[in-house]
Amino acid sequence: EGWTRMIPNTDSALRMLSQRLMTQLLPDLKSEYSQSDGMLLGMLMMAIADEVATGIDTRMKDIADMKALLEQGRDYHDAGLLTVAEPASLSLKDVNQLHDDLTRHLIELHARVEIADSSEASQMLGDIWHYLEASTGRHAIAAMG
């Protein structure tokens, strides 16, 4: 049981460091510029803590939604786009790579659907915009809000 305490909770550590910076160190700074700079650093540390805690999960939700949209719009693009269905690993780097690739394909799909004239295309456009809204909400920086 004692060995489980050795696994670092990076997000918690970043939150504690940020809190210490903003509550104990910043008040002692004399310069307004240094105080604002320190506050910004503290908020960025909180945003990074959120990324460490949920970033991969957030991107995997986007990936699932994008794959569904690309499948739904398969008549508008090359079906070979979906050959890369999973990230090479669950590292942030590999998940980001797949997320970026699918985003590029979704942009291409969006452009093609936008010039199509059908009720199916209109539905597809609505679904893409719904995804973009949901994704934006998932990626909102809690520390900044």
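Annotation: ring-ring contact (aromatic ring centres under 6.0 Å, His included) contacts involving residues 107-126, sequence neighbours excluded, comprise H110-W129. Within the structure, salt bridge (charged side-chain N to carboxylate O under 4.0 Å, His left out) pairs that include any residue of residues 21-36 do not occur (at least two apart or interchain). Each salt bridge (charged side-chain N to carboxylate O under 4.0 Å, His left out) pair with one or both residues in residues 119-142, not counting sequence neighbours, appears once here: D62-R138, D65-R138.
Rounding to the nearest 0.5 angstrom, the gap separating the CD1 atom in I141 from the CE atom in M46 is 13.0 Å. Interatomic distance, I48 CD1 to M43 CE, rounded to the nearest 0.5 Å: 12.5 Å. Rounded to the nearest 0.5 angstrom, L92 CG and H99 NE2 are separated by 10.5 Å. Separation of atoms CE (M60) and OG1 (T54) is listed at 14.0 Å; rounding is to 0.5 Å.
The side-chain heavy atoms of M66 and S135, taken from C-beta on, include no pair separated by under 4.5 Å.
Take S122 and apply the side-chain contact (heavy atoms from CB on, under 4.5 Å) test, not counting sequence neighbours, and it matches no residue. Listed by chain and residue number, S91, D94 satisfy the side-chain hydrogen bond (donor to acceptor under 3.5 Å, both in side chains) test with S89 (two or more places apart in sequence, or in another chain). For N96, the side-chain hydrogen bond (donor to acceptor under 3.5 Å, both in side chains) test picks out R59, with sequence neighbours left out. Partners of L109 by side-chain contact (heavy atoms from CB on, under 4.5 Å), not counting sequence neighbours, listed by chain and number: L70, Y76, H77, L106, V113, M124, I128. Partners of I107 under the side-chain contact (heavy atoms from CB on, under 4.5 Å) rule, at least two apart in sequence or in another chain, are T103. In terms of the salt bridge (charged side-chain N to carboxylate O under 4.0 Å, His left out) criterion, residue partners of R104 (sequence neighbours excluded) are, by chain and number, D101. Every salt bridge (charged side-chain N to carboxylate O under 4.0 Å, His left out) that D57 has, sequence neighbours left out, goes to K61.
In plain terms, the two heavy atoms of K67 and L102 that are nearest each other are CG-CD1, 3.8 Å. Between T23 and P27, the shortest heavy-atom distance links the atoms O-CG, 3.3 Å.
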Donor-acceptor contacts under 3.5 Å from residues 12-20 side chains, at least two apart:
residue: R15; atom: NH1; partner: D11; partner atom: O; Å: 3.4
residue: R15; atom: NH1; partner: D11; partner atom: OD2; Å: 3.3
residue: R15; atom: NH2; partner: D50; partner atom: OD1; Å: 2.5
residue: S18; atom: OG; partner: G42; partner atom: O; Å: 2.6
residue: R20; atom: NE; partner: Q24; partner atom: OE1; Å: 2.9

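Summarising the local packing, NE2 of H130 is surrounded by 12 or fewer heavy atoms from other residues, nucleotides or ligands at distances under 6.0 Å.
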